[in-house]
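Only a predicted model underlies this, so the values are computations on that prediction, with no experimental measurement involved. Computed from heavy atoms alone, side chains included, the values below leave out hydrogens, waters and symmetry copies.
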Amino acid sequence: MSLYTPAWLTLAVPLAPLPYLFSVALFQVLSIGVAVVMLRILAKWSMPHLADFAVPLGLLWCNIWYPGRGAISVQLGSLLGVLGAVLILRSLATAKPGAGWGVALVLIKVQFGVFALAAAVGGRLRSAWRGVLWLAVASVPVVVACTIAAGGPAGFVRSVLRDLAVLSSDVAPTGLSNPVQRRFDLLGQLARWGLTEPPAWLQIAVPLLAVVAVVFVVRATRRPLTVAAGITTAMLIGFYHAPYDLLVLFVPVALGIGMVVRGELTRTADRVAVGALTLVVLHLHTVSTKLIPGFDVRLADAVDLLLVAVGLAAALVSSRCRGAR
């Protein structure tokens with residue numbers, strides 16, 4: 001269960017009147033189209049000479065690897081968030097346009113909002129404001145329609161507050177004490193290992209430190225791999241995410257592969273970051289949980305989180321290396 005901005009509901013306008021199976025098929029086509037666009041932009045930036053090969057290979061892996069398969073099948077919001085992240089990171093590294101559209105896309109799904117912060121901190125403040133404005137304008141028709149349906153502004157506000165209350169309750173699919181929740185972030189995984197009621201200071205410190213890490217990396221360097229690895233890992237650790245949001249790791253992994261091809265992956269910290277995050281992307285839980293005795297999904301997710309934390313630590317070290325800018 002994720003928080004989405006009202007503009008997300010505009011997708012229901014063309015899909016809702018259609019027969020169920022036809023709307024599902026159309027949604028799948030739209031998701032695959034967004035995935036192809038995201039992979040194309042990422043490949044053209046990270047490994048331009050291999051883009052024609054990398055895009056179909058990436059799309060194939062998306063359909064094999066659970067996070068990619070989940071994003072394409074039911075989580076178009078995650079695909080749009082990753083597309084927005086690619087546009088923002090590319091703009092920070094190369095000054096190419098697109099940061100405004102990137103901010104609008106990442107803010108559709110609130111958990112990806114740290115990329116909007118990175119755009120603002122990284123000198124793309126005007127683009128960030130434009131993205132926020134575009135998203136706000138796109139949300140107006142939805143807010144008006146929902147307000148009318150709720151019987152007025154007061155009813156609309158009450159409905160939003162009720163939804164937030166359910167989202168933050170124990171019965172929510174993402175609730176820390178929900179026995180079937182499968183959150184990937186640090187607090188979610190701690191709850192899966194028994195810490196269902198973490199102290200208030202920990203609930204505040206984890207996302208706050210993630211924000212600090214994002215600001216630190218963006219202010220310290222503009223190296224694409226370091227910035228991408230730092231922001232993506234901090235986001236996944238610090239804020240609520242389900243496993244399909246791991247798709248965002250395609251960005252630093254693709255940048256790392258491009259550096260390998262060009263012979264530029266020479267720093268130890270960069271190699272550690274790329275190696276750790278590549279292992280996450282290559283980790284098929286359906287295989288590891290069957291081949292390794294006692295290795296269940298909870299332990300598999302914990303190993304992935306540990307590798308993501310290694311990627312974050314390596315990115316922080318790389319951002320302080322001489323010549324990081």
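Across all non-hydrogen atoms, the minimal contact from Lys109 to Ser78 is NZ-OG, 2.8 Å. Scanning all heavy atoms of the two residues, the minimum distance from Phe156 to Ala150 falls at N-CB, 3.5 Å. Between Met38 and Val86 the shortest heavy-atom distance is CG-CG2, 4.3 Å. In terms of heavy-atom proximity, Val106 sits nearest to Gly81 at CG1-O, 3.5 Å. Across all non-hydrogen atoms, the minimal contact from Gly123 to Arg222 is N-NH2, 4.4 Å.
Between Val74 and Phe27 the shortest side-chain heavy-atom distance does not fall below 4.5 Å. Leu15 has its side chain out of reach of Leu30: every pair of non-hydrogen atoms, C-beta onward, lies at least 4.5 Å apart. In this structure the side chain of Val248 never reaches within 4.5 angstrom of the side chain of His241, judged on heavy atoms. A heavy-atom distance below 4.5 Å is not found between the side chains of Val82 and Leu42.
Val137 belongs to a hydrophobic cluster whose other members, connected by ILVMFWY side-chain contacts under 4.5 Å either directly or through intermediates, are Leu133.
Counting non-hydrogen atoms of neighbouring residues, nucleotides and ligands closer than 6.0 angstrom, the CH2 atom of Trp193 exceeds 12 such neighbours. The number of heavy atoms from other shown groups lying within 6.0 Å of CH2 (Trp129) does not exceed 12. At most 12 heavy atoms of other shown residues, nucleotides or ligands fall within 6.0 angstrom of atom CH2 in Trp101. Within a 6.0 Å sphere centred on CZ of Arg298, other residues, nucleotides and ligands contribute more than 12 heavy atoms. For Gln203, the CD atom sits in a packed shell: over 12 heavy atoms of surrounding residues, nucleotides or ligands are nearer than 6.0 Å. Applying the 6.0 Å contact sphere to CZ of Phe53 captures no more than 12 heavy atoms from other residues, nucleotides or ligands.
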Verify ring pair (Phe, Tyr, Trp, His ring centres under 6.0 Å) between Tyr66 and His283, making sure each step is shown before the conclusion.
CA-CA 9 Å; Tyr66 172 74; His283 184 191; over 10 Å; no
side-chain contact (heavy atoms from CB on, under 4.5 Å) for Phe250 and Val253? Distances and angles first, verdict last.
CA-CA 5 Å; Phe250 263 34; Val253 169; 5.9 Å; no
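Considering CG of Leu105 and CD1 of Ile88, their distance stands at 8.5 Å, rounded to 0.5 Å. Here the CG atom belonging to Leu83 is positioned 11.0 Å from the CZ atom belonging to Phe112, to the nearest 0.5 angstrom. For the atom pair CG of Leu247 and CD1 of Ile72, the computed distance is 7.5 Å after rounding to the nearest 0.5 Å. Put simply, CG on Asp185 and CG on Leu190 are 9.0 Å apart, with the number rounded to the nearest 0.5 Å. For the atom pair CG of Leu279 and CG of Leu249, the computed distance is 11.5 Å after rounding to the nearest 0.5 Å. Note: Leu282 CG to Ser288 OG = 12.0 Å, rounded to the nearest 0.5 Å.
Side chains of Arg124 and Ser127: no donor on one and acceptor on the other come within 3.5 Å. Neither side chain, Arg162 nor Ser159, offers a donor N or O lying under 3.5 Å from an acceptor on the other. One side chain, Ser318 or Thr226, offers a donor N or O that lies under 3.5 Å from an acceptor on the other.
Of the residues Arg182, Gln189, Arg183, the one that meets the side-chain hydrogen bond (donor to acceptor under 3.5 Å, both in side chains) test with Asp301 is Arg182.
Remark: side-chain polar atoms of Arg90 are not paired, donor with acceptor, to backbone N or O of Trp45 under 3.5 angstrom. A donor-acceptor pair under 3.5 Å is absent between the side-chain atoms of Gln75 and the main chain of Asp245, judged by distance alone.
Between Asp52 and Arg40, at least one side-chain N (NZ, or NE/NH1/NH2) sits under 4.0 Å from a carboxylate O, which counts as a salt bridge.
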